[in-house]
2 protein chains.
Amino acid sequence: MQPDQRRAAILDAAVEEVAERGFARTTSRHVAARAGVTHGLLHHYFPDHQSLLAAAFEKMALEEIDEVNEILASDLDPLAQLREITEPYGPGGGAEAYRFWFEAWAEAGHSVTMRATSERLSDAWYELVLGVIERGNAAGVFRCEHPGETAWMVIALSDAYALHAQTGGGVPATEMVRVTWRLTERELGIAPGTLARS
Amino acid sequence: MQPDQRRAAILDAAVEEVAERGFARTTSRHVAARAGVTHGLLHHYFPDHQSLLAAAFEKMALEEIDEVNEILASDLDPLAQLREITEPYGPGGGAEAYRFWFEAWAEAGHSVTMRATSERLSDAWYELVLGVIERGNAAGVFRCEHPGETAWMVIALSDAYALHAQTGGGVPATEMVRVTWRLTERELGIAPGTLARS
DNA sequence: CGCGTTATTGACCACATGGCTAATAACACT
DNA sequence: AGTGTTATTAGCCATGTGGTCAATAACGCG
């Protein structure tokens, strides 16, 4: 196997391991076993354990930013773009991915290294949503009075959805989505039910 | 020291340790050192490590539910009660407490045991906010059309505030609070700026 | 083919952890 | 004071961890 592929395979294994067990419980040997190598090899690709975890975190963040940028570069109109953005975090968005980000958020509270990456990702999301809203305003599709505040609201509700979908609670997912849509529509100044039509 | 006090001291130490390092990195010896005892003693109060962590988790959850009930039982009018709730970080403590909860939520993704407690807490919060809104409606202080949805929104924004305050990002805390208030006021059908007056 | 470089293995080390237990200190109660 | 119970300590053990390194296999290239 090519070094690049091996490195990628190790990172993939690390991401899966983190999603399953969490950062703190992710051990070199488990990652190595999942990647089909011995743990001594990890040192050949990453100077130490911390670097491996940081690289795995960074990889996930970059992939997410890339996905987001793809939406941005697409020819979709602002309304459709906003739908795309809110959808990945919607029903069926992948509980495994959520688990990874919860781990990352919790880890950001203890590790200074990861907080930086976390902030970069956070900012990327904010800029993306804000851009979509402003372009929608310019195109006359939206009539949003507080683009910055609305952008934060959209992200906040998405994150909270992911959070509450995992930690459970009596509020069903469908209701969470309904609230998110209703509030977003009102903030954007578009007709109720517009977002639901997909 | 009395056994009860010792047990409480150990649990306090465990909670602090979890908030600082996370569940997985919380070791018997560190907890013992923080509590001023030797690690052998922990075995005398808790059968094993997992029980200690579970007890610490349960303790935090019960304390938070108690605080919630205090607000409920207070003589404050619904508006004042809602102010308490929407205050930054809510009434359950500051950023430190939320670091603990992020850890707990992440842990709930891996451990089945903790998910139940997590859900109970989640439901308690929802019922609290919903109750305040409905009593406000009955008293004519609020004119909220979707109490259930609004209750979830209030909790969601509060959690997201804590989350983004920890993971950083370009959105300043003051703006997050402003959005939360504005949206809450609109959902409750009360005049803008009402919540800000404290 | 031969040779230098890189990838990969397996074994080893020092260390921290959770669990356990015998010995001791503190205590409660008569 | 005496005694049985509980609280507390110190130390041991098996295990798993991250890090390191020499030996070897695979590879690229002249």
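Just so we're on the same page: letters track the sequence lines, and every chain starts at 1.
Less than 4.0 Å separates DNA chain D from at least one heavy atom of each of the following residues of residues 11-28 of chain A: A:T26, A:T27, A:S28. Listed by residue number, there are no residues of residues 2-10 of chain A with a heavy-atom contact under 4.0 Å to DNA chain D. Only A:R29, A:V37, A:T38, A:H39, A:G40, listed by number, bring a heavy atom of residues 29-40 of chain A to less than 4.0 angstrom from any atom of DNA chain C. Of all the residues in residues 53-60 of chain B, not one reaches under 4.0 Å from DNA chain C with any non-hydrogen atom.
Note on residues 4-15 of chain B: pairs passing side-chain hydrogen bond (donor to acceptor under 3.5 Å, both in side chains), not counting sequence neighbours, are B:D12-B:K59. Residue pairs satisfying the ring-ring contact (aromatic ring centres under 6.0 Å, His included) criterion with at least one member in residues 12-35 of chain B, sequence neighbours excluded, are listed as follows: B:F23-B:F100.
On the nucleic acid side, DNA chain C contacts chain B at distances under 4.0 Å to non-hydrogen atoms, with the end points of that region at C:dT17 to C:dT21.
B:M1 forms part of no hydrophobic cluster, judged by ILVMFWY side-chain heavy-atom separations under 4.5 Å. In this structure, A:V112 stands alone, with no Ile, Leu, Val, Met, Phe, Trp or Tyr side-chain heavy atom under 4.5 Å from its own, directly or through other members. Counting side-chain heavy-atom gaps under 4.5 Å among Ile, Leu, Val, Met, Phe, Trp and Tyr, the cluster of B:L52 also holds B:I10, B:L11, B:V31, B:V37, B:L41, B:L42, B:Y45, B:F46.
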Side-chain atoms of residues 132-148 of chain A: list all donor-acceptor pairs with protein atoms under 3.5 Å, sequence neighbours left out, distances to 0.1 Å.
residue, atom, partner, partner atom, Å
A:N137, OD1, A:C144, N, 2.9
A:N137, ND2, A:C144, O, 3.1

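Residues satisfying the ring pair (Phe, Tyr, Trp, His ring centres under 6.0 Å) criterion with A:F102, sequence neighbours excluded, are A:W105.
One atom, CG of A:L41, and another, P of D:dG18, lie 15 Å apart when rounded to the nearest Å.
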